Every structure is written in C-alpha cells, then in structure tokens.
Amino acid sequence: MIEEGKPLFVQIAEQIEDSIVDGSLAEQSQAPSTNELAAFYRINPATAAKGVAMLADKGVLHKRRGIGMFVSDGARELLLRERRGAFADRYVAPLLAEARKIGLGPDDLAALVREHAAQTSTGKGS
C-alpha cells in the first residue's frame, strides 16, 4: 500500500476515502482509530492522525467526543463528486481536446466509447 513519493498521511486519507467510496466503511460508522491505523501500516500515530485530520477538515469524518471518529453523513457523495471532477479534468478534458484535433464531435466520441465498452464487456476489447 505504501507508495514512494507520496506523503504517508495522504495515503492513509486516500485508503479511508476508498473504503467510504466502495461502501466498506459506511456513513455514520466508526473510522479506524489513529492507533489502529498506525499499528496496521506500521507508522507513527502522529502521521496517521494527520491523515484523519485531513479528512475531518474536508467534512468526510467527524469526531464524537470520547468515542472516536465517524464517517459523516454525505461523505460518500462528497467524495464521489470530488473524484468525478478529478476524473473529468484528468481524462475527459484531454480526450475531448484530442477528439477535436482529429475531427470527432461529441456524438462520434460517445459512439466510440459505447462501442469500446460493449467490446470490453464481451471480452472482445483490447
């Protein structure tokens, strides 16, 4: 799980976000404690706490005094919105720019995507 070149606290936050997005960590459920995260990933608890704090600052997690951190209502939708925006910026915008360069309009591009998706789902895609 640990990636070189990316801060550990960011990776911890991303792992928790992934669990929220995939549904394995539901809204209003208790998030792993900083000590649990530190033990699991074999990192300093302060590093784990920094990742958890990052999510609390975003409104993804909230603290229940004396109990721990919990997934906030609406956290999954917030993360999905954020990821969809990042996906559009990273993949869709360059795809549209390249499509324009080679003379493909939005309908042509949509048809290509549908065609490729159909091939992929039937096992005929590359």
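This structure is a prediction, so every number in the text was calculated from the model and none was measured.
For the pair L79/K58, a side-chain contact is recorded, criterion being any heavy-atom separation below 4.5 Å from C-beta on. Residues M69 and V60 have side chains not in contact (no heavy-atom distance under 4.5 Å, counting atoms from C-beta outward). A heavy-atom distance below 4.5 Å is found between the side chains of L78 and R81.
Remark: side-chain polar atoms of E17 are not paired, donor with acceptor, to backbone N or O of L55 under 3.5 angstrom. Judged purely by atom type and a 3.5 angstrom limit, S24 uses its side chain to pair as donor or acceptor with the backbone of S19. With hydrogens and angles disregarded, no donor-acceptor distance shorter than 3.5 Å links the side chain of S29 to the backbone of L25. In this structure a side-chain-to-backbone donor-acceptor pair under 3.5 Å is missing from D89 to A86. A distance-only check finds a donor-acceptor pair linking the side chain of S72 to the backbone of G59 [under 3.5 Å].
Atom CZ of R64 sits in a crowded spot, with more than 12 heavy atoms from other residues, nucleotides or ligands closer than 6.0 Å.
A salt bridge does not link K50 to D57: none of the charged side-chain nitrogens sits closer than 4.0 Å to a carboxylate oxygen.
Taking both residues in full, the closest heavy atoms of P94 and A88 are given as CD-O, 4.5 Å, listed atom of the first, atom of the second, then distance. Across all their heavy atoms, L61 and A31 have their closest contact at CD2-CB, 4.0 Å. Heavy atoms only, all atoms of each residue included: Q30 and G68 are closest at NE2-CA, 3.9 Å. Summarising the geometry of I12 relative to Y41, their closest heavy-atom pair is CD1-CD1, 3.2 Å, with the distance given to 0.1 Å. Considering all non-hydrogen atoms of both residues, N44 and A38 come closest at C-CB, 4.1 Å.
Atom-to-atom distance recorded for R100:CZ and L109:CG is 10.0 Å, nearest 0.5 angstrom. Between E98 atom CD and L104 atom CG the span is 9.0 Å, to the nearest 0.5 Å. Atom CG of residue L80 and atom CZ of residue R76 lie 4.5 Å apart, to the nearest 0.5 angstrom. The distance from the NZ atom of K101 to the CG atom of L96 is 12.0 Å, given to the nearest 0.5 Å. Here the CD atom belonging to Q28 is positioned 4.5 Å from the NE2 atom belonging to H62, to the nearest 0.5 angstrom. Here the CD1-CD distance, from I20 to E27, works out to 8.0 Å after rounding to the nearest 0.5 Å.
Under the 4.5 Å side-chain heavy-atom criterion for Ile, Leu, Val, Met, Phe, Trp and Tyr, V21 and F87 are members of distinct hydrophobic clusters. In this structure, I16 is a member of the same hydrophobic cluster as I43, with clusters built from ILVMFWY side-chain heavy atoms closer than 4.5 Å. Under the 4.5 Å side-chain heavy-atom criterion for Ile, Leu, Val, Met, Phe, Trp and Tyr, Y91 and L95 are members of the same hydrophobic cluster. Linking ILVMFWY residues whenever their side-chain heavy atoms come closer than 4.5 Å, directly or via other members, places L112 and I102 in the same cluster. Hydrophobic clustering (side-chain heavy atoms under 4.5 Å, transitive across Ile, Leu, Val, Met, Phe, Trp, Tyr) groups V52 together with L8.
Checking N35 against S33 by side-chain atom types alone, no donor-acceptor pair falls below 3.5 Å.
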